[in-house]
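Just the heavy atoms: all of them, side chains too, but no hydrogens, waters or symmetry mates, feed the values below. In this chain, residues are counted from 1 in sequence order. Note that ligands are numbered from 1 as they come in the structure, with each ligand's atoms numbered from 1 the same way.
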Amino acid sequence: MPKDKTKIKKCLFPAAGYGTRFLPATKAIPKEMLPVLTKPLLQYGVEEAISAGIETMAIVTGRGKRAIEDHFDVSYELEHQIKGTSKEHYLTEIRDVIEKCTFSYTRQIEMKGLGHAILCGETLIGNEPFAVILADDLCDNDGDSVLSQMVKLYDKYRCSIVAVEEIPLEDSNKYGIVTGKTEEDGAIRITDMVEKPDPKDAPSNLAIIGRYILTPDIFDILQETKPGKGGEIQITDALLVQAKKGGVIAYKFKGKRFDCGSIDGFVEATNYFYEKW
Ligand code: UTP
């Protein structure tokens with residue numbers, strides 16, 4: 001049977017950032033491995049990808065991130081120690097994840113921004129549409145996960161999709177901000193977007209959060225993208241090239257999202273998941 005080149009089969013996790021806001025915790029532990037309750041942020045992300053029907057996880061790591069590879073691997077010594085004891089169930093969730101998925105890794109040698117990290121993932125993704133999860137944006141929804149909702153929308157529009165959320169305008173300088181024309185309830189075809197604008201220059205209060213579905217032409221665009229805001233290669237600048245051709249939909253997702261890259265968001269997420277525990 002011919003391979004379906006349009007189905008979303010892979011999810012890319014850029015996880016090479018320094019996580020400076022969480023120093024000293026992130027000196028030797030990757031930010032993506034910080035736990036909300038007992039589970040690392042990255043595992044929440046991987047489980048969300050699985051819920052969207054994805055089984056191939058592609059992770060962009062960097063120096064000092066080896067704990068990520070060890071986490072998604074079997075620890076024979078540990079397994080042996082707790083086998084048949086009352087503690088065995090603690091490993092059930094991560095075992096399920098490891099059994100269901102394959103993991104591949106590449107390293108971003110220089111941290112030149114999110115756009116650059118995504119470009120580093122090209123070797124793992126190839127020429128097909130793919131999902132991107134920033135694990136420090138933790139999402140939760142009682143129905144379909146945020147990424148499953150986006151995969152459904154992708155099946156309809158067949159172009160890049162970015163998840164957006166309404167934010168207080170004074171926070172616009174922390175996000176990529178989009179504007180466009182409404183296609184249907186919750187879906188907007190983007191006509192313009194700006195990375196981290198001052199509130200007075202923001203085209204709207206719709207902010208891109210850490211969930212994307214990208215068509216593979218993004219890689220060629222990223223190759224040509226010059227460093228932008230903060231001297232980093234910005235995914236927003238590359239998406240704008242697609243958007244100018246009508247190729248990006250902003251999706252107002254259903255569910256909650258916590259910015260676990262900030263202390264406030266991390267504490268909020270911890271309290272939220274503890275309430276659900
Ligand atoms: P952030 O800017 O939130 O992460 O990037 P950071 O740089 O690690 O955090 P601070 O500001 O220093 O505290 C968003 C996501 O993009 C990844 C990060 O790992 C994070 O998941 N990223 C960012 C890369 O993989 N490479 C980069 O060069 C930049």
Side-chain angles (χ1 to χ4, degrees), residues 10-36 39-46 48-49 57-69 71-72 103-125 130-139 146-147 162-165 167 171-177 195-196 207-212 214 218-219 222-223 225-239 257-269:
K10 296 180 182 170
C11 186
L12 187 68
F13 295 86
Y18 291 121
T20 43
R21 283 169 288 171
F22 275 87
L23 283 169
T26 47
K27 189 161 174 256
I29 297 168
K31 173 170 76 172
E32 297 74 15
M33 289 302 292
L34 295 178
V36 166
K39 203 155 49 177
L41 289 171
L42 191 55
Q43 191 179 331
Y44 284 94
V46 167
E48 186 179 332
M57 309 299 161
I59 305 183
V60 181
T61 66
R63 282 180 293 285
K65 301 268 186 176
R66 249 179 254 161
I68 294 177
E69 290 172 51
H71 185 73
F72 295 106
F103 292 86
S104 53
Y105 300 88
T106 190
R107 277 197 181 204
Q108 186 185 17
I109 307 294
E110 281 179 281
M111 308 322 156
K112 293 198 230 166
L114 177 58
H116 181 254
I118 291 174
L119 182 57
C120 290
E122 183 177 9
T123 50
L124 305 176
I125 299 294
F130 61 104
V132 177
I133 288 184
L134 304 187
D136 50 0
D137 263 345
L138 181 48
C139 292
V146 174
L147 197 63
V162 297
V164 295
E165 177 174 78
I167 51 135
D171 289 341
S172 66
N173 57 5
K174 298 183 193 155
Y175 298 92
I177 305 290
E195 181 64 19
K196 300 189 174 74
I208 303 178
I209 63 124
R211 298 288 179 281
Y212 308 75
L214 300 174
I218 199 78
F219 293 126
L222 279 168
Q223 286 281 7
T225 304
K226 300 271 176 299
K229 196 100 181 182
E232 296 191 331
I233 297 179
Q234 299 289 354
I235 187 64
T236 315
D237 293 338
L239 279 165
R257 166 253 170 192
F258 301 94
D259 173 13
C260 290
S262 75
I263 311 285
D264 286 350
F266 196 93
V267 172
E268 221 184 297

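- The contact shell of ligand 1, taken as protein residues with any non-hydrogen atom closer than 4.0 angstrom, comprises P14, A15, A16, G17, Y18, G19, T20, R21, K31, E32, Q108, M111, K112, G113, L114, A117, D136.
- Every residue two or more places apart in sequence or in another chain that forms a side chain to side chain contact (heavy atoms under 4.5 Å, CB included) with I209 is listed here: D137, C139, A163, E165, R211, F253, R257.
- R63 places no side-chain N or O within donor-acceptor distance of the main-chain N or O of Q108, the cut-off being under 3.5 Å.
- Judged by distance alone, with hydrogens and angles left aside, the side-chain atoms of K10 form a donor-acceptor pair with the main-chain N or O of L124 at under 3.5 Å.
- A side-chain donor-acceptor contact under 3.5 Å links K229 to the backbone of K196.
- Taking the side chain to side chain donor-acceptor pair (under 3.5 Å) definition, one finds that K39 meets it with E47, E93, sequence neighbours left out.
- For the salt bridge (charged side-chain N to carboxylate O under 4.0 Å, His left out) condition, the pairs that include at least one residue of residues 16-35, sequence neighbours left out, are K31-D136, E32-K65.
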